[in-house]
Amino acid sequence: MSAVPDAYPQRIVCLTEEPTEVLYAIGEEHRIVGISGFTVRPPQARREKPKVSAFTSAKIGAILDLQPDLVIGFSDIQADIARDLIRAGVEVWISNHRSVAGILAYIRRLGAMVGAADKAEALALRAEHHLAAVAEAAARLPRRPRVYFEEWDDPPISGIRWVAELIRIAGGEDIFPELAEKSLARDRIIADAMEIVRRKPDLILGSWCGKRFRPQAVATRSGWQEIPAVRHGRLYEIKSPIILQPGPAALFDGLDALATRIAEAAQG
């Protein structure tokens with residue numbers, strides 16, 4: 001009796017990091033034929049897979065040469081890339097999740113799309129257990145520090161929804177909860193930087209996508225010396241690959257990095 005052919009996608013191009021990380025985590029990396037140039041997790045992906053896209057741009061010809069049967073991207077920012085590929089006859093899935101619950105659902109959906117629902121469910125459950133464990137530890141903190149998360153510096157942009165949610169899970173209070181609900185970065189611009197000063201964060205965390213966070217440059221901004229976080233030297237970088245991509249990295253390493261800094265600030 002001949003083997004049943006695999007009916008699921010065999011040649012997947014991942015335009016962002018999170019599908020690559022998920023597929024490797026559930027043992028389905030053999031389906032990937034191309035990845036984003038920004039991919040750093042897992043490290044072997046950069047060695048094994050050709051890099052065919054950035055975030056807002058892609059090598060359409062190189063992607064087509066790979067003969068993908070599925071291309072996976074993220075958000076409206078990649079709409080033009082998706083359009084060009086669809087016009088070329090390629091099947092494209094663009095996810096647009098912006099919350100912790102959305103990341104968990106994404107893991108499950110992606111697993112189902114490649115015929116690995118059970119393995120994806122196991123990964124999602126492991127993430128849920130980790131979230132619960134961190135939340136339980138955070139409930140024992142002596143206080144909940146006020147946290148300013150800066151996604152970009154000029155103009156200042158506050159953290160996206162899943163980051164704000166992870167801050168709360170880790171025991172902190174995001175000082176711009178009303179902006180966290182905005183999906184687009186332009187809607188999270190803080191027009192008056194002195195509003196950050198007025199909200200008095202106990203902790204400042206930065207993850208400037210594409211460049212290194214510079215705590216000293218932040219600390220010396222005009223008027224910021226009155227901020228508790230600046231007075232106590234609590235300004236830290238959270239590396240972009242573990243917090244600014246809506247995939248497993250944020251739920252594990254990103255959350256742990258937040259929890260460490262929030263726990264330190266809670267003691268002060």
Side-chain angles (χ1 to χ4, degrees), residues 3-36 38-46 48-49 68-75 78 82 90-139 160-171 180 183 239-259:
V4 177
D6 190 335
Y8 298 95
Q10 300 294 305
R11 302 184 61 79
I12 299 175
V13 169
C14 302
L15 299 176
T16 53
E17 298 168 276
E18 60 278 358
T20 298
E21 186 178 11
V22 171
L23 290 171
Y24 268 87
I26 64 175
E28 297 293 327
E29 67 274 11
H30 59 279
R31 300 179 187 274
I32 302 173
V33 295
I35 63 172
S36 163
F38 290 119
T39 301
V40 296
R41 292 170 63 95
Q44 63 264 40
R46 292 188 65 83
E48 298 172 349
K49 309 294 183 179
D69 50 15
L70 179 64
V71 174
I72 301 174
F74 173 72
S75 90
Q78 294 193 320
V90 178
E91 186 170 336
V92 180
W93 177 40
I94 298 293
S95 64
N96 205 23
H97 54 290
R98 308 293 176 123
S99 65
V100 169
I103 296 172
L104 292 166
Y106 174 82
I107 291 170
R108 291 178 165 109
R109 285 199 304 274
L110 179 52
M113 291 178 74
V114 298
D118 289 348
K119 291 188 287 185
E121 180 66 19
L123 175 59
L125 286 174
R126 188 158 61 88
E128 288 175 340
H129 292 156
H130 186 63
L131 291 163
V134 172
E136 182 180 351
I160 198 166
R161 179 176 170 181
W162 72 78
V163 173
E165 291 177 348
L166 291 173
I167 286 170
R168 289 193 288 272
I169 290 168
S183 63
K239 297 293 186 181
S240 298
I242 65 170
I243 197 65
L244 291 187
Q245 59 109 328
L251 305 186
F252 290 100
D253 291 357
L255 176 58
D256 289 347
L258 292 174

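Everything numeric in this text was worked out from a predicted model, so none of it was measured.
- Tyr24 does not carry Arg41 over the face of its six-membered ring by the limits of under 6.0 Å from the centre and within 45° of the normal.
- Smallest separation of non-hydrogen atoms from Leu255 and His130: CD2-CD2, 4.0 Å.
- A pairwise comparison of heavy atoms in Ala25 and Leu123 identifies CB-CD2, 3.8 Å as the closest pair.
- Between Glu91 and Asp69, the closest heavy-atom pair is CB-O, 3.8 Å.
- Although no hydrogens or angles enter the test, the distance criterion places a donor-acceptor pair under 3.5 Å between the side chain of Gln10 and the main chain of Tyr8.
- Rounded to the nearest 0.5 Å, atoms CD (Glu18) and OH (Tyr106) are 4.5 Å apart.
- Contact of the Pro248 side chain with the Val22 side chain is registered, since non-hydrogen atoms from C-beta on lie closer than 4.5 Å.
- Listed for the Trp162 side chain is no donor-acceptor partner under 3.5 Å among the backbone atoms of Leu244.
- Between atom CG of residue Leu110 and atom CG of residue Leu70 there is a gap of 8.5 Å, rounded to the nearest 0.5 Å.
- Val90 approaches Pro68 most closely through the heavy-atom pair CG1-CG, 4.1 Å.
- Of the possible donor and acceptor atoms, none in the side chain of Arg161 sits under 3.5 Å from a partner among the backbone N and O of Ser183.
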Verdict with supporting geometry, Thr16 and Gln78, side chain to side chain contact (heavy atoms under 4.5 Å, CB included): CA-CA 10 Å; Thr16 53; Gln78 294 193 320; 3.6 Å; yes
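- In terms of heavy-atom proximity, Ile94 sits nearest to Ala82 at CG1-CB, 3.9 Å.
- Between Glu28 atom CD and Thr20 atom OG1 the span is 13.5 Å, to the nearest 0.5 Å.
- A donor-acceptor pair is defined here as one N or O able to donate and one able to accept, closer than 3.5 Å; such a pair exists between the side chain of Arg31 and the backbone of Val114.
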For salt bridge (Lys or Arg N to Asp or Glu O under 4.0 Å), just list the numbers for Arg108 and Glu128, CA-CA rounded to whole Å, side-chain angles, deciding distance to a tenth of an Å, and then say yes or no. CA-CA 12 Å; Arg108 291 178 165 109; Glu128 288 175 340; 3.2 Å; yes
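- In this structure, CD1 on Ile169 lies 5.0 Å from CG on Leu131, to the nearest 0.5 angstrom.
- In this structure, Ser36 and Leu15 have side chains that are not in contact, with every pair of non-hydrogen atoms separated by 4.5 Å or more.
- How far CG of Leu251 is from CZ of Arg126: 10.5 Å, rounded to the nearest 0.5 Å.
- Looking at heavy atoms from C-beta onward, Glu17 lies in side-chain contact with Pro241 at the 4.5 angstrom threshold.
- His97 contributes a side-chain N or O that, together with a main-chain N or O of Pro246, makes up a donor-acceptor pair within less than 3.5 Å.
- A 6.0 Å sphere centred on NZ of Lys239 holds no more than 12 heavy atoms belonging to other residues, nucleotides or ligands.
- To the nearest 0.5 Å, the span separating CG on Asp256 from CD1 on Ile243 amounts to 10.0 Å.
- Residues Leu23 and Cys14 form a side-chain contact, since some pair of their non-hydrogen atoms from C-beta on lies under 4.5 Å apart.
- Nearest heavy atoms, Ile242 versus Asp253: CD1-O, 3.8 Å.
- A side-chain N or O of Glu21 and one of Gln245 form a donor-acceptor pair less than 3.5 Å apart.
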